[in-house]
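Here's the structure we're looking at; comments come further down.
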2 protein chains.
Amino acid sequence: MQFDREFLTGNLTTLILALLGERPMYGYEMLQEAERRSDSQLRMKEGSLYPALHQMERGGLLVAEWREAPTGRSRKYYRLTARGRRAAASKRRQWETMAAAMRTILGDAGA
Amino acid sequence: MQFDREFLTGNLTTLILALLGERPMYGYEMLQEAERRSDSQLRMKEGSLYPALHQMERGGLLVAEWREAPTGRSRKYYRLTARGRRAAASKRRQWETMAAAMRTILGDAGA
DNA sequence: AACGTGTACCTTGTTCAGCAAAGTATGGAG
DNA sequence: CTCCATACTTTGCTGAACAAGGTACACGTT
């Protein structure tokens, strides 16, 4: 089951921070990883992802580095700064708080 | 812990449908209920709620009815239509799907 | 009577995230 | 030599939520 795009709104930054908290990745890889791990339910769009990465880089959460792939293609790898790691932890906590609150309401309203 | 408003984005309709799925309520009551049940974590704003209710009414998800409160004040009670009940079930399912997908990513990224 | 407070609803203007759509460029498969 | 997947980027738009303000009434206090 595919959900409306509105459900993703507000979670993009959280998602990016979570992925990069694991290991440095490049943009296109994040798109694929998110889709793969969620059984194709969670599809980030390029037009959302790349601007978000740039903004987060400007905000000092990420740093970028161009690396040569084995294939010869160039890839822009992003990794978290110290600030980014703090933000990742914060976003994760916030997401869990929000999810718990939502569940309370949804749960009360006879499943 | 209070979370950024962006985490609410996209969940307002879901929340309204869940509350009304339980019983008819008036707008101001929904604000209080959501806040009370979530330990003040989930605060809908009037400027978001009322326009959303109007839009959902136009969309045929809700019907409104003015009722006199014991105090003498007038309240506008909303209840779900059949269409609204279907939407409520759908939104709930979608939320759970999204939450599961998010949890997968957040979980993988070393807690 | 006048005032403040909590209830209850509504609207206008703004902002900002995410998206659609399009573009650039490269490597490999056929 | 063409097509497809990879990989990054940008411009312009849309739409949800919000801030801020407004209206009005009931009730308690002074």
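In this text, all values refer to a predicted model and were calculated from it rather than measured experimentally. Sequence lines set the chain letters: A, B, ... in the order given, protein chains first and strands last, and positions in each chain run from 1.
C/dA8 atom C1' lies 10 Å from atom CG of B/Leu31, rounded to whole Å. If you take CG of B/Leu53 and C1' of D/dA17, they are 14 Å apart, rounded to a whole angstrom. Atom CZ of A/Phe7 is separated from atom P of C/dG18 by 15 Å (rounded to the nearest Å). As rounded to whole Å, 17 Å separates atom C1' of C/dC10 from atom OH of B/Tyr26. Atom pair A/Leu15:CG and C/dG18:P shows a separation of 10 Å (rounding to whole Å applied). Here D/dC8 presents its P atom at 18 Å from NZ of A/Lys45, a figure rounded to the nearest Å. Rounded to an integer number of Å, the gap from B/Leu8 CG to D/dA19 P is 11 Å. A straight line from CE of B/Met44 to C1' of D/dA17 spans 13 Å, rounded to a whole angstrom.
The base of D/dC8 sits with one of its N or O atoms less than 3.5 Å from a complementary donor or acceptor on the side chain of A/Glu46.
If A/Thr9 and B/Tyr77 are placed on DNA chain C by their nearest nucleotide, the residue sitting closer to the 5' end is B/Tyr77. Each of B/Arg73 and A/Arg75 was assigned the nucleotide of DNA chain D with the nearest heavy atom; the assignment lying further toward the 5' end belongs to A/Arg75. Of the two residues near DNA chain C, B/Gln32 and B/Pro51, the one whose nearest nucleotide lies more 5' is B/Gln32.
Nearest nucleotide to the side chain of A/Gln55, out of C/dA17, D/dA7, D/dA19: C/dA17. The side chain of A/Lys76 approaches D/dC8 more closely than any other nucleotide in the set D/dC18, D/dC8, C/dC9. Side-chain proximity of A/Leu12 to the nucleotides D/dT9, C/dG18, C/dC9 is greatest for C/dG18.
In this structure, B/Leu8 and A/Met98 have side chains that are not in contact, with every pair of non-hydrogen atoms separated by 4.5 Å or more. You'll find the side chain of A/Thr97 stays beyond 4.5 Å of the side chain of B/Phe7, heavy atoms only.
At the phosphate of D/dT10, OP1 or OP2 sits under 4.0 Å from a side-chain N or O atom of A/His54. Distances shown here put every side-chain N or O of B/Tyr50 at or beyond 4.0 Å from the OP1 or OP2 atom of C/dT11. Side-chain nitrogen and oxygen atoms of A/Tyr28 include none within less than 4.0 Å of the OP1 or OP2 phosphate oxygen of D/dC8.
More than 12 heavy-atom neighbours from other residues, nucleotides or ligands sit within 6.0 angstrom of CZ on B/Arg75.
B/Gly47 comes within contact range of at least one nucleobase, with a heavy-atom separation under 4.0 Å.
With hydrogens and angles ignored, the 3.5 Å screen pairs no side-chain donor or acceptor of B/Ser74 with any backbone N or O of B/Glu68.
Ion pair A/Glu29/A/Arg23 flagged as a salt bridge, since at least one NZ, NE, NH1 or NH2 atom sits closer than 4.0 Å to an Asp/Glu carboxylate oxygen.
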